[in-house]
Every structure is written in C-alpha cells, then in structure tokens.
Amino acid sequence: MHAIETLFQHNLWANLKVINACRDLDDAVLDASVPGTYGSIRATLTHIVRAEGNYLRRLSGQQPDRSGWGEVPTLDQIRAGAQHTGEALIRESSRVQPSDMLQVEWEGETGKFPASIVLLQAINHATEHRTHINTILTQQGITPPDVDGWSYMWAIKAEEQKDA
C-alpha cells in the first residue's frame, strides 16, 4: 500500500464521520452557517462531495453518478456520493506517479500540472471544509466529531481488535 492511500482512507473516514454526525440533525442546524465558513452544513457537505467527484474526473475520467440529486441532495445521497468518490480516490491515489501530468482548467486558464497537485487539493479542500462544519456545529452547541489523524488511528486500532 502507498502511504498516500492512508491519507485518502482517512479522508473518506473523516467525511463519513462528519456526515454521520449530521444525519439526525434538524433542518435548522443543517441550514445554519457562521461567518468565515463556506456556507451551511448541508451546502458544505454537498460541496465537498461534488468537488471530490471533480478531482476524480480529472484524475481518471470517471464521472460520479449524481442521477437523482436535486439542487439540494439528501444526506443519504451525500453519504453515498462520499463513499463512492472516497473509495475511487483511494484507488486513484495509489496509481498517481510523480511524473504524471494533467491538463487542468481553472478559472478560465488551462495548463499542465502534476497530478499530485490534484491529490494535494483534494485532501486540503476536504479538511478545510470539515473544519467549517465543525465550527458551525460548535456554534450550534453541538460537539463535533473528532476527525484528526490520531482519532483515525484509534478507530483503526479498535476495528482491528474487534476483528481479531
């Protein structure tokens, strides 16, 4: 296994943990926002998953299936999308070589960039927006889930002990 896969395994785990923490929240909380964040919790979760689909498309040409998604997808749709793109990004991350280049269009400009930059952006982007969601949860009086690397390590250890 490539070390980069661990980053994407954590990314998927953290995304699902945040989504799961939001599943039983009422619409008022899901639609809450605070200054300095991307937008509401619901909008931010949708944004994370749509962006990861775009990173996947850039890396592999795969287009995630968003049939049935309306303007505002359900949390179940968001979770399924996160699961699909997360698993695909784990696979794709292991295939990217340092010399791999991609043609990337960004804000009307096109250029060749290392594929590793897309991987970097995927990790940073999700981390930043999960932090936004956790900030909103905190402002709503809700304890956010721990999604840092140490929490992931302990979750893996607990899962291994359960399977042993």
Side-chain angles (χ1 to χ4, degrees), residues 1-26 29-30 32-34 36-60 62 64-66 69 73-100 114-164:
M1 176 189 319
H2 289 86
I4 191 81
E5 287 176 85
T6 301
L7 296 173
F8 280 91
Q9 289 169 341
H10 167 264
N11 185 66
L12 172 58
W13 172 85
N15 284 344
L16 294 178
K17 191 157 175 134
V18 170
I19 293 165
N20 289 341
C22 294
R23 287 183 106 168
D24 294 328
L25 300 177
D26 62 32
V29 175
L30 290 174
S33 185
V34 297
T37 63
Y38 174 82
S40 72
I41 291 172
R42 188 187 322 266
T44 305
L45 289 171
T46 302
H47 174 70
I48 291 169
V49 174
R50 283 190 170 142
E52 289 191 356
N54 288 331
Y55 304 138
L56 178 61
R57 181 184 47 76
R58 286 183 171 137
L59 290 166
S60 69
Q62 295 178 43
D65 179 15
R66 299 272 161 55
W69 277 40
T74 67
L75 283 182
D76 285 340
Q77 290 171 320
I78 292 168
R79 189 181 194 295
Q83 185 79 46
H84 170 77
T85 57
E87 290 172 355
L89 284 169
I90 292 166
R91 286 190 305 276
E92 289 304 314
S93 71
S94 70
R95 296 180 182 146
V96 173
Q97 299 299 311
S99 60
D100 290 350
S116 59
I117 295 297
V118 175
L119 299 177
L120 171 68
Q121 173 60 18
I123 294 295
N124 284 338
H125 180 264
T127 301
E128 178 180 359
H129 287 310
R130 285 191 303 264
T131 301
H132 290 172
I133 292 167
N134 284 351
T135 298
I136 297 166
L137 289 171
T138 301
Q139 292 297 309
Q140 294 291 310
I142 299 166
T143 302
D146 288 328
V147 292
D148 63 9
W150 298 122
S151 298
Y152 177 62
M153 176 188 70
W154 289 113
I156 289 172
K157 186 171 179 68
E159 194 64 32
E160 288 171 351
Q161 288 175 345
K162 189 172 77 173
D163 290 342

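With sequence neighbours left out, the side-chain contact (heavy atoms from CB on, under 4.5 Å) criterion links Ala88 to Leu56, Gln62, Arg91.
We find the CG-CD distance between Leu12 and Gln83 to be 5.0 Å, quoted to the nearest 0.5 Å. In this structure, Phe8 CZ and Glu87 CD are separated by 14.0 Å, a value rounded to the nearest 0.5 Å. The distance from the OG atom of Ser93 to the CG atom of Leu119 is 6.5 Å, given to the nearest 0.5 Å. Summarising the geometry, atom CZ belonging to Arg42 is positioned 13.0 Å from atom OG belonging to Ser33; distances are rounded to the nearest 0.5 Å. Here the straight-line distance linking atom NE2 of His129 with atom OG1 of Thr46 works out to 12.0 Å at 0.5 Å rounding. In this structure, CD1 in Ile4 is found 11.0 Å from CD in Gln9, a value given to the nearest 0.5 Å.
Between Ser94 and His2 the shortest heavy-atom distance is O-CE1, 3.3 Å. Taking both residues in full, the closest heavy atoms of Ile19 and Leu75 are given as CG2-O, 4.2 Å, listed atom of the first, atom of the second, then distance. Of all heavy-atom pairs between Val96 and Ala115, the closest is CG1-CB, 3.7 Å. Contact between Ile41 and Val29 at its shortest, heavy atoms only, is CD1-O, 3.5 Å. Looking at every heavy atom in both residues, Ala32 comes nearest to Ile136 through O-CG2, 3.7 Å. Gly53 approaches Pro64 most closely through the heavy-atom pair CA-CG, 3.4 Å.
Side-chain contact check for Arg23 versus Arg79: some heavy-atom pair is nearer than 4.5 Å. Inter-residue side-chain proximity for Ile142 and Thr138 is flagged as unmet; no heavy-atom pair is nearer than 4.5 Å. Within the 4.5 Å cutoff, the side chain of Tyr152 has no heavy atoms near those of the Asp148 side chain.
Annotation: His132 is not in aromatic contact with Tyr38 [ring centroid separation under 6.0 Å not met].
Judged by distance alone, the side chains of Asn11 and Glu52 do bring a donor and an acceptor atom under 3.5 Å apart. Side-chain contact check for Thr127 and Asn124: no donor-acceptor pair (N or O, by modelled atom type) lies under 3.5 Å.
Side chain of His10 to backbone of Val147: a donor-acceptor contact under 3.5 angstrom is found. A donor-acceptor contact shorter than 3.5 Å links the side chain of Thr37 to the backbone of Val34.
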Q: Kindly indicate, with the supporting measurements, whether the criterion side-chain contact (heavy atoms from CB on, under 4.5 Å) is fulfilled by Tyr55 and His125.
A: CA-CA 11 Å; Tyr55 304 138; His125 180 264; 3.3 Å; yes

Q: Could you walk me through whether Leu25 and Leu137 pass the side-chain contact (heavy atoms from CB on, under 4.5 Å) test, one step at a time?
A: CA-CA 10 Å; Leu25 300 177; Leu137 289 171; 3.6 Å; yes

Q. After noting the C-alpha distance and the side-chain angles of Leu30 and Ser40, does the key distance pass the side-chain contact (heavy atoms from CB on, under 4.5 Å) rule?
A. CA-CA 6 Å; Leu30 290 174; Ser40 72; over 6 Å; no

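The list of salt bridge (Lys or Arg N to Asp or Glu O under 4.0 Å) pairs with a residue in residues 152-164, not counting sequence neighbours, reads Glu159-Lys162.
Applying the side chain to side chain contact (heavy atoms under 4.5 Å, CB included) test between Leu89 and each of Leu7, Leu59, Ile123 identifies Leu59 as the sole match.
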